[in-house]
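These notes concern the structure reproduced below.
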Amino acid sequence: MDEDRYGSDVLSGDWRSRGVQKVRQVPLERDMVLEDPDSGWAGAVVGLEAGNVSLEDWKGRVRAFPFVGQFLLEGELVTLSRPQAPVGRSAAAAPPARATATAGRPGAAPAVRHASDGGRLRTASGSFAVEQQRARVALPSRIMVEGKHDAELVEKVWGADLRVEGVVVEELSGVDNLADVLDDFRPTRERRVGVLVDHLVPGSKESRFADAVMRGKWGAHVLVVGHPFVDVWQSVKPARVGLQAWPTIPRSIEWKAGICQALGWPHAEQADIARAWQRILGQVRTFADLEPQLLGRVEELIDFVTEPA
């Protein structure tokens, strides 16, 4: 099986199954990303002083925790042993750096300056930002997503990256429309299309549409990828809305309404669902708030549509 170089996430995993296995001890290292399981604070190691390990989060804020405590490392509960080398920071832990413009846009999370990065800005996707650079003229290639919520989430985390690359994101209003949209767009080597699909699992309606497109006349210039979640809402880590896990909703209940009901939120009208999504989206500050199954797929699409022809 080919290695999935887009799928790793230092903050992922089922850490709530603590106690099932013996807690492993690991040596403290610089740039190691740890999470305090009690508070949910996550950040990269930037110091060790007076019995406390300092973790810097995505906003550049630093908080100290007892070195003798337990932490989450790549989803595994661990304890720490003394570092084998001096602890410091060379760069914030993040996905592979992509230079991005800092020009803002409504909905996009702001870039944040980290002292540990020599004062350089990082965007919500973890990329280094390029300051005072105008967005590029749009490329002929496109990224297409199923609906408005998918587009808003991509904009919030990857908006700065997309503008400097000149990539436009378009809504399909449902994967059922993909074949017709591609017929109108007529992809070529110079006009590629990357498609992000919800619930892309074996046997699903979405997987059948995706397979048909990839085998069809446009398949050579189209990449369809997806995440396994019923809806993009689930790609936000449940802890960000106070849940241990997203609840399972019976098929007899509309999924988003069921989620709102489980959270105790209004859900009688479409406006209630829209407000619920804005509450969830408001908890997304950076790539660390999203599940790796989505992170890797979006990065893969950006690479696909920006690859030189």
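Only a predicted model underlies this, so the values are computations on that prediction, with no experimental measurement involved. Computation of the quantities below employed the complete heavy-atom set of this structure, encompassing side-chain atoms and omitting hydrogens, waters and symmetry-equivalent molecules.
- For the pairing with Glu35, the side chain to side chain contact (heavy atoms under 4.5 Å, CB included) check across Leu55, Leu77, Leu72 returns one residue only, Leu72.
- Relative orientation of the Trp246 and Trp255 rings is tilted, given thresholds of 30° and 60° on the angle between their planes.
- Once rounded to the nearest 0.5 Å, the distance linking CG of Leu223 with CG of Leu301 reads 5.5 Å.
- With a 6.0 Å radius and a threshold of 12 heavy atoms from other residues, nucleotides or ligands, Arg189 has its CZ atom above the threshold.
- Ile143 pairs with exactly one of Val154, Thr306, Leu162 by the side chain to side chain contact (heavy atoms under 4.5 Å, CB included) rule, that one being Leu162.
- Shown here for Asp272 and Pro266, the closest heavy-atom pair between the two residues is CB-O, 3.3 Å.
- Counting heavy atoms from C-beta on, the side chains of Glu146 and Val232 never come closer than 4.5 Å.
- Using a 4.5 Å heavy-atom threshold, the side chains of Phe287 and Val298 count as separate.
- Side-chain atoms of Arg82 never come within 3.5 Å of backbone atoms of Pro27 as a donor-acceptor pair (strictly under, hydrogens ignored).
- Contact record, Glu291 with Pro238: OE2-CD, 3.6 Å, taken as the closest heavy-atom pair.
- Considering CD1 of Ile253 and SG of Cys260, their distance stands at 12.0 Å, rounded to 0.5 Å.
- The backbone N or O of His199 lies less than 3.5 Å from a partner atom in the side chain of Ser204, making a donor-acceptor pair.
- The structure places CG of Leu290 at 5.0 Å from CG of Leu153, a figure rounded to the nearest 0.5 Å.
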Steps toward side chain to side chain contact (heavy atoms under 4.5 Å, CB included) verdict (Val169, Trp158): CA-CA 11 Å; Val169 176; Trp158 288 275; over 6 Å; no
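- A donor-acceptor pair under 3.5 Å links the side-chain atoms of Ser207 to the main chain of Val201, judged by distance alone.
- A heavy-atom distance below 4.5 Å is found between the side chains of Leu196 and Arg297.
- Val45 approaches Leu34 most closely through the heavy-atom pair CG2-CD1, 3.9 Å.
- More than 12 heavy atoms of other shown residues, nucleotides or ligands fall within 6.0 angstrom of atom CD in Gln25.
- Remark: the backbone N or O of Glu300 is not paired with any side-chain donor or acceptor of Asp303 at under 3.5 angstrom.
- In the hydrophobic clustering, where aliphatic and aromatic side chains (Ile, Leu, Val, Met, Phe, Trp, Tyr) are joined below 4.5 Å either directly or transitively, Phe229 stands alone.
- A salt bridge links Arg163 to Glu155: one of the charged nitrogens lies within less than 4.0 Å of a carboxylate oxygen.
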Worked verdict on Lys148 versus Glu171 for side chain to side chain contact (heavy atoms under 4.5 Å, CB included): CA-CA 6 Å; Lys148 179 179 179 181; Glu171 299 174 28; 3.8 Å; yes
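- Here the side chain of Arg142 pairs a donor or acceptor atom with the backbone of Leu139 at under 3.5 angstrom.
- No donor-acceptor distance shorter than 3.5 angstrom exists from the side chain of Lys256 to the backbone of Ile273, with no hydrogens or angles considered.
- Residue Val197 belongs to a hydrophobic cluster whose other members are Met144, Leu172, Val175, Leu178, Val181, Leu182, Phe185, Val193, Val195, Leu200, Phe209, Val213, Met214, Trp218, Val222, Val224, with links defined by side-chain heavy atoms closer than 4.5 Å.
- Looking at heavy atoms from C-beta onward, Phe67 lies in side-chain contact with Leu28 at the 4.5 angstrom threshold.
- Summarising the geometry of Gln70 relative to Thr79, their closest heavy-atom pair is CG-CG2, 3.8 Å, with the distance given to 0.1 Å.
- For the pair His267 and Glu254, the minimum side-chain heavy-atom distance is 4.5 Å or more.
- Side-chain contact between Gln234 and Asp231: absent, with no pair of heavy atoms (C-beta onward) separated by less than 4.5 Å.
- Contact annotation: the side chain of Lys217 never approaches that of Arg186 to less than 4.5 Å [non-hydrogen atoms, C-beta and beyond].
- Leu73 and Val78 make their closest contact through CB-CG2, 3.9 Å (heavy atoms, listed as atom of the first residue, atom of the second, distance).
- Considering every non-hydrogen atom in both Val46 and Val62, the closest pair reads CG2-CG1, 4.1 Å.
- Here the straight-line distance linking atom NZ of Lys156 with atom CG of Asp289 works out to 8.5 Å at 0.5 Å rounding.
- Taking 4.0 Å as the cut-off between side-chain N and carboxylate O, Glu269 and Arg275 do not count as a salt-bridged pair.
- Leu281 and Leu243 fall within a single hydrophobic cluster, where Ile, Leu, Val, Met, Phe, Trp and Tyr are joined by side-chain heavy atoms under 4.5 Å apart, directly or via other members.
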